[in-house]
Number of protein chains: 2
Amino acid sequence: MTCKAYHLFFRNLANPLKTKIIAELKGKPQTVTQLTQSIKEEQSKVSHALMNLRHCSIVTSKQKGKERVYSLNKKTIVPILKIIDKHRKDYCKQECNF
Amino acid sequence: MTCKAYHLFFRNLANPLKTKIIAELKGKPQTVTQLTQSIKEEQSKVSHALMNLRHCSIVTSKQKGKERVYSLNKKTIVPILKIIDKHRKDYCKQECNF
DNA sequence: ATGTCATATGAACATCAAATCATATGAATA
DNA sequence: TATTCATATGATTTGATGTTCATATGACAT
């Protein structure tokens with residue numbers, strides 16, 4: 001089992017910043033600036049994170065004027081999020097608040 | 001979204017050693033010694049990895065004489081592995097061999 | 001063409017997790 | 001209870017990953 005891209009994929013779900021972004025994009029597609037505002041993180045952090053997410057096809061982007069709009073690739077992510085929720089219910093106790 | 005246990009959970013899937021162990025245990029429950037042999041990794045590495053996996057309820061263990069047998073918590077993991085496979089097919093190209 | 005807004009990139013640094021190594025615990029058996 | 005086999009644990013080193021900051025690119029408007 002040595003699929004680099006595969007491990008990169010899950011590293012995104014192991015990272016608070018990236019899951020914050022995923023959660024935000026679950027609501028609606030957003031530009032980088034919108035994201036930085038809604039999750040209150042620095043622009044370059046967000047851009048770096050989005051780059052990783054894009055490489056793993058977790059998000060897609062399209063140019064719109066001088067902005068770039070990022071969308072969640074729901075096809076792959078939504079089923080995973082469901083399992084996350086289930087697992088959280090089963091095994092995540094009081095220390096959780098998301 | 002600040003669930004520590006949740007991110008710990010996915011860190012396991014982001015780690016080659018731990019996914020190797022998961023893949024091995026998919027076949028059948030095994031002792032630590034069996035695992036170290038089948039995946040050819042050091043005992044303490046395997047033990048440390050198993051501890052993490054256990055904390056996240058990805059594996060369970062039961063004592064059997066002086067050995068300890070580890071089993072995969074298939075209820076949670078199998079659906080995730082299915083999504084992994086699908087994602088691999090969709091987005092993982094030639095650089096993958098697992 | 002220049003300026004401005006939006007985003008991306010690179011390199012240096014900081015942080016955290018994994019590997020390592022030595023040792024401890026625990027169970028069984030003589 | 002001393003010994004051996006099996007596994008776990010702790011401390012340290014190492015290595016990878018995220019953060020930061022400064023700067024570059026790119027698109028649009030003037």
Side-chain angles (χ1 to χ4, degrees), chain A residues 1-25 28-72, chain B residues 1-25 29-72 95:
Chain A
M1 232 198 207
T2 50
C3 175
K4 207 180 163 198
Y6 157 66
H7 291 114
L8 284 174
F9 178 87
F10 281 103
R11 193 171 300 147
N12 288 296
L13 300 182
N15 181 274
L17 172 59
K18 286 163 196 156
T19 53
K20 258 207 238 176
I21 291 174
I22 290 173
E24 266 301 309
L25 292 181
K28 64 169 195 299
Q30 294 184 48
T31 67
V32 178
T33 300
Q34 285 176 314
L35 275 172
T36 61
Q37 288 166 353
S38 46
I39 68 177
K40 298 190 180 82
E41 298 278 359
E42 294 225 40
Q43 180 264 317
S44 76
K45 264 173 87 170
V46 174
S47 271
H48 277 126
L50 285 169
M51 187 183 57
N52 292 326
L53 291 165
R54 197 154 27 85
H55 281 153
C56 296
S57 305
I58 294 174
V59 303
T60 56
S61 68
K62 64 169 186 233
Q63 199 73 23
K64 194 185 174 186
K66 49 183 166 184
E67 299 175 332
R68 185 173 293 207
V69 182
Y70 281 87
S71 314
L72 191 61
Chain B
M1 231 199 206
T2 49
C3 175
K4 206 180 164 199
Y6 158 65
H7 291 114
L8 283 174
F9 178 88
F10 281 104
R11 193 172 300 147
N12 288 296
L13 300 182
N15 180 275
L17 173 60
K18 285 162 196 157
T19 52
K20 257 207 240 179
I21 291 174
I22 290 172
E24 265 302 309
L25 293 179
Q30 294 184 49
T31 67
V32 178
T33 301
Q34 285 177 315
L35 275 172
T36 61
Q37 288 167 351
S38 48
I39 68 176
K40 298 190 180 83
E41 296 278 359
E42 295 225 38
Q43 180 265 317
S44 77
K45 267 173 84 170
V46 173
S47 271
H48 277 126
L50 285 168
M51 187 184 57
N52 291 326
L53 291 166
R54 196 154 28 86
H55 282 154
C56 296
S57 304
I58 294 174
V59 303
T60 56
S61 68
K62 64 170 186 230
Q63 200 73 23
K64 195 186 174 186
K66 50 184 167 182
E67 298 176 332
R68 186 173 294 207
V69 181
Y70 282 86
S71 314
L72 191 61
E95 75 256 55

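Letters go in sequence order (proteins before strands), and every chain restarts at 1.
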Exercise. First and last nucleotide of DNA chain C touching chain B, 5' to 3', heavy-atom cut-off 4.0 Å?
Worked result: C:dA17 to C:dA28
Exercise. When the distance from CD of B:Gln30 to P of D:dA6 is rounded to whole Å, what number comes out?
Worked result: 15 Å
For this session: Please lay out, stage by stage, how B:Ile39 and B:Leu17 fare under the test side-chain contact (heavy atoms from CB on, under 4.5 Å).
Result: CA-CA 9 Å; B:Ile39 68 176; B:Leu17 173 60; 4.0 Å; yes
For this session: Evaluate the side-chain contact (heavy atoms from CB on, under 4.5 Å) criterion for residues B:Val32 and B:Ser47: first the C-alpha distance (whole Å), next the side-chain angles of each, then the deciding distance (0.1 Å), finally the verdict.
Result: CA-CA 7 Å; B:Val32 178; B:Ser47 271; 4.1 Å; yes
Exercise. So, B:Gln37 side chain and B:Gln34 main chain: donor-acceptor pair closer than 3.5 Å or not?
Worked result: no
Problem set entry | Nearest-Å distance for atom pair CG/C1', residues A:Leu17 and D:dT19 | 10 Å
Exercise. Passes side-chain hydrogen bond (donor to acceptor under 3.5 Å, both in side chains), A:Gln43 versus A:Thr36? Steps please.
Worked result: CA-CA 6 Å; A:Gln43 180 264 317; A:Thr36 61; over 6 Å; no
Exercise. So do B:Glu24 and B:Gln30 actually touch side chain to side chain, heavy atoms under 4.5 Å?
Worked result: yes
For this session: Apply the test side-chain contact (heavy atoms from CB on, under 4.5 Å) to residues B:Tyr6 and A:Thr19: give CA-CA distance (whole Å), side-chain angles for both, the deciding distance (0.1 Å), then the verdict.
Result: CA-CA 10 Å; B:Tyr6 158 65; A:Thr19 53; 3.6 Å; yes
Exercise. Does B:Leu50 reach the side chain of B:Leu35, with side-chain heavy atoms less than 4.5 Å apart?
Worked result: yes
For this session: Calculate, to the nearest 0.5 Å, the distance between atoms CD1 and CG belonging to A:Ile22 and A:Leu13 respectively.
Result: 5.0 Å
Exercise. Given D:dG18, is OP1 or OP2 found less than 4.0 Å from the side-chain N or O atoms of A:Asn15?
Worked result: yes
For this session: Using the side-chain contact (heavy atoms from CB on, under 4.5 Å) rule, take B:Arg54 and B:Thr60 through it: C-alpha gap first, then chi angles, then the decisive distance, then the call.
Result: CA-CA 6 Å; B:Arg54 196 154 28 86; B:Thr60 56; over 6 Å; no
Exercise. Which ones in residues 33-48 of chain B lie close to DNA chain D, meaning a heavy atom under 4.0 Å from one of its atoms?
Worked result: B:Thr33, B:Gln43, B:Ser44, B:Ser47, B:His48
Problem set entry | Side-chain heavy-atom pair B:Lys18, B:Leu53 within 4.5 angstrom cut-off | yes
Exercise. Where along residues 57-71 of chain B does a heavy atom fall under 4.0 Å from DNA chain D?
Worked result: B:Lys66, B:Glu67, B:Arg68, B:Tyr70
For this session: Identify whether any heavy atom of B:Leu50 sits under 4.0 Å from a base atom; if not, whether one sits that close to sugar-phosphate; answer base, sugar-phosphate or nothing.
Result: nothing
